[in-house]
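Taking it in order: structure first as structure tokens, then the write-up.
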Amino acid sequence: MTFSVAVAGASGYAGGELLRILAGHPDFEIRTVTAHSNAGSPLIEHQPHLRSLAHLTLAESTPENLAGHDVVFLALPHGRSAEIAAQLPDDTLVVDCGADHRLEDPADWAAFYGGEHAGSWAYGVPELIVGGQAGGTAGGATKQRERLAGVKRIAAPGCNASAVALALGPGLHAGIIEEQDIVAVLAVGPSGAGKSLKTMYLASEILGSAGPYAVGGTHRHIPEIQQSLRKAGAQAPTLSFTPVLVPMARGILATSTARVKPGVTAAQVQEAWEQAYAGEPFVQVLPAGSVPRTADVLGANTVLIGVALDEAAGRVVTVLAIDNLYKGTAGAAIQSANIALGLPETTGLNVNGVAP
């Protein structure tokens with residue numbers, strides 16, 4: 001069976017990455033692409049790398065244009081998805097790549113986004129550890145994919161949020177790290193902010209430079225990270241989160257650390273992470289002593305994690321690399337859609353990166 005697909009926000013970075021992956025998906029047929037200010041122009045003017053989709057023209061992002069498809073991907077700024085999604089048929093699989101449906105607590109939405117909370121959808125990180133009890137064994141954890149099968153509404157994750165949650169979830173579930181005093185510093189590429197024309201994203205501003213932003217607990221992914229860490233076994237995790245804009249188009253290198261519990265050894269740390277992701281097609285824990293680079297996951301749905309025990313500091317250190325546009329956004333959305341539709345989870349998704 002072939003599923004008809006529409007992509008809203010198709011002229012942006014996330015929309016373009018969705019289309020690039022969907023173009024090679026054997027079970028999806030891209031029929032409609034939409035945009036806001038770019039409506040009426042050929043898709044190829046805005047996504048010149050998508051040569052196989054040169055026949056498509058951008059329509060307006062209206063519920064009328066998006067309805068009538070089996071699957072709708074919404075790659076829209078926060079606050080734009082909810083209104084459109086509410087007008088789409090209940091039997092349409094809708095995957096929101098924006099923030100509108102990620103947070104479960106209306107108070108979190110009010111504090112970090114403002115405006116009316118649109119409600120939460122099934123969270124689109126299949127590998128996320130959920131339903132566990134702190135102190136249990138990571139090998140016996142359930143995963144978020146079990147909550148995605150058969151659903152019709154999916155909230156794709158924030159790229160930074162999924163990076164930190166996947167990095168630290170195993171330690172919390174296994175009960176070997178503390179939930180207080182978690183620190184995450186992320187080197188991120190500017191494509192995660194979309195195509196917005198802001199001075200801080202200009203090449204002349206970022207080339208040869210690195211600059212932090214949303215410092216001091218103000219980044220909107222913080223409550224999303226804490227929400228995921230609670231599902232992994234934490235009760236009230238505290239998090240210091242600092243993203244740093246660096247001169248690479250794509251990628252996230254997340255260094256996340258947490259206090260280790262007394263008596264935990266480096267071997268136990270490595271084992272907890274390996275058990276947590278054993279058998280996962282897209283999340284791989286590197287051998288002890290190895291750490292990943294963003295170059296290793298470029299253009300792939302792959303997550304690479306290196307983990308170490310800093311005995312002198314009493315902290316577990318994790319280093320995680322993902323492509324923010326692929327696994328961080330579009331790949332997670334399509335992977336989750338595969339599960340919801342009963343397709344093999346890996347269909348249409350690549351594990352091999354691009355090098356050099």
Side-chain angles (χ1 to χ4, degrees), residues 14 17-18 20-28 73 95 97 122-130 138-139 141-149 151 154-170 173 186 189 192 224-225 228 231-232 250-254 256 272-287 290-307 318-355:
E17 190 72 348
L18 280 165
R20 186 176 74 87
I21 302 170
L22 290 168
H25 196 296
D27 299 304
F28 289 153
F73 292 93
V95 184
C97 294
Y123 193 54
V125 183
E127 303 91 351
L128 190 69
I129 299 172
V130 297
T142 59
K143 298 290 182 67
Q144 180 65 14
R145 63 171 48 86
E146 298 178 23
R147 291 156 173 77
L148 290 166
V151 302
I154 295 171
C159 52
N160 297 314
S162 60
V164 178
L166 289 171
L168 294 178
H173 182 79
L186 281 64
E224 186 180 343
I225 296 168
S228 294
K231 291 181 184 299
R250 293 170 176 252
I252 295 174
L253 190 71
S256 305
W273 265 258
E274 289 181 351
Q275 284 187 0
Y277 296 124
E280 287 290 351
F282 298 118
V283 181
Q284 299 177 20
V285 179
L286 299 180
S290 299
V291 290
R293 310 172 304 163
T294 56
D296 302 330
V297 296
L298 183 67
N301 202 51
T302 303
V303 179
L304 295 181
I305 306 174
V307 60
T318 65
V319 181
L320 177 148
I322 61 170
D323 182 326
N324 60 295
L325 289 178
Y326 204 128
K327 178 56 175 168
T329 304
I334 293 168
Q335 183 182 348
S336 299
N338 284 341
I339 296 170
L341 295 169
L343 300 172
E345 185 173 335
T346 58
T347 305
L349 297 168
N350 190 22
V351 296
N352 296 321
V354 177

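Because the structure is predicted, anything quoted here is derived from the model rather than measured.
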Can you tell if the side chain of His25 reaches within under 4.5 Å of the side chain of Ile334, non-hydrogen atoms only? yes
Residues Ala14 and Leu325: closest non-hydrogen pair is N-CD2, 4.3 Å
Report the C-alpha distance between Asn324 and Arg250 in whole Å, list the side-chain angles of each, state the deciding distance to 0.1 Å, and finish with yes or no for side chain to side chain contact (heavy atoms under 4.5 Å, CB included). CA-CA 6 Å; Asn324 60 295; Arg250 293 170 176 252; 3.8 Å; yes
Cys97 vs Leu18 side-chain heavy atoms within contact, under 4.5 Å: yes
4.5 Å side-chain heavy-atom contact, Tyr326 and Leu349: yes
Under a 3.5 Å distance rule, please check whether Thr294 uses its side chain to pair with a backbone N or O of Ala321 as donor and acceptor. no
What I'd like to find out is whether the side chain of Pro292 reaches to under 4.5 Å of the side chain of Leu286, using heavy atoms alone. yes
Which atom of Gly331 lies closest to which atom of Ile21, heavy atoms considered: N-CD1, 3.9 Å
Leu168 CG to Ser256 OG distance, which is reported to the nearest 0.5 Å: 4.5 Å
Under a 4.5 Å cut-off applied to non-hydrogen side-chain atoms, are Val130 and Tyr123 in contact? no
Test your reading of the model: is there a side-chain donor-acceptor pair from Asp323 to the backbone of Gly299, 3.5 Å cut-off? yes
For Asn301 and Gln335, run side chain to side chain contact (heavy atoms under 4.5 Å, CB included): C-alpha distance rounded to whole Å, both residues' side-chain angles, the deciding distance at 0.1 Å, then the answer. CA-CA 9 Å; Asn301 202 51; Gln335 183 182 348; 3.1 Å; yes
To the nearest 0.5 Å, atom OG of Ser290 lies from atom CD1 of Ile305 at 13.5 Å
When you look at Arg145 and Glu280, which way does the side chain to side chain contact (heavy atoms under 4.5 Å, CB included) test go after all the steps? CA-CA 11 Å; Arg145 63 171 48 86; Glu280 287 290 351; 2.7 Å; yes
I'd like to check Ile252 versus Cys159 (side-chain heavy atoms, cut-off strictly below 4.5 Å). Are they in contact? yes
How far does OG1 of Thr347 sit from CG of Asn338, to the nearest 0.5 angstrom? 5.0 Å
For Ser162 and Ile322, work out which heavy atoms get closest and say how close. OG-CD1, 4.4 Å
Shortest non-hydrogen pair, Val95 vs Ala337, comes out as CG2-CB, 4.3 Å
Please round to the nearest 0.5 Å and tell me the distance separating atom NZ of Lys327 and atom CG of Leu320. 10.5 Å
What are the two closest heavy atoms between Ala167 and Trp273, and how far apart are they? O-NE1, 2.7 Å
Looking at residues at least two apart in the chain, or sitting in another chain, which of them share a salt bridge (Lys or Arg N to Asp or Glu O under 4.0 Å) with Glu224? Arg102
For Gln284, check side chain to side chain donor-acceptor pair (under 3.5 Å) against everything at least two apart and list the hits. none
Heavy atoms only: give me the nearest Leu148-Ile154 pair and the separation to one decimal. CD2-CG1, 4.1 Å
Measuring from Ile225:CD1 to Asn160:CG, what's the distance to the nearest 0.5 Å? 7.0 Å
Using the side chain to side chain contact (heavy atoms under 4.5 Å, CB included) rule, take Ile129 and Lys143 through it: C-alpha gap first, then chi angles, then the decisive distance, then the call. CA-CA 5 Å; Ile129 299 172; Lys143 298 290 182 67; 4.0 Å; yes
Does any part of the side chain of Tyr277, heavy atoms only, come nearer than 4.5 Å to the side chain of Val303, both counted from C-beta? no
With rounding to the nearest 0.5 angstrom, report the CG to CZ distance, Leu166 to Phe282. 13.0 Å
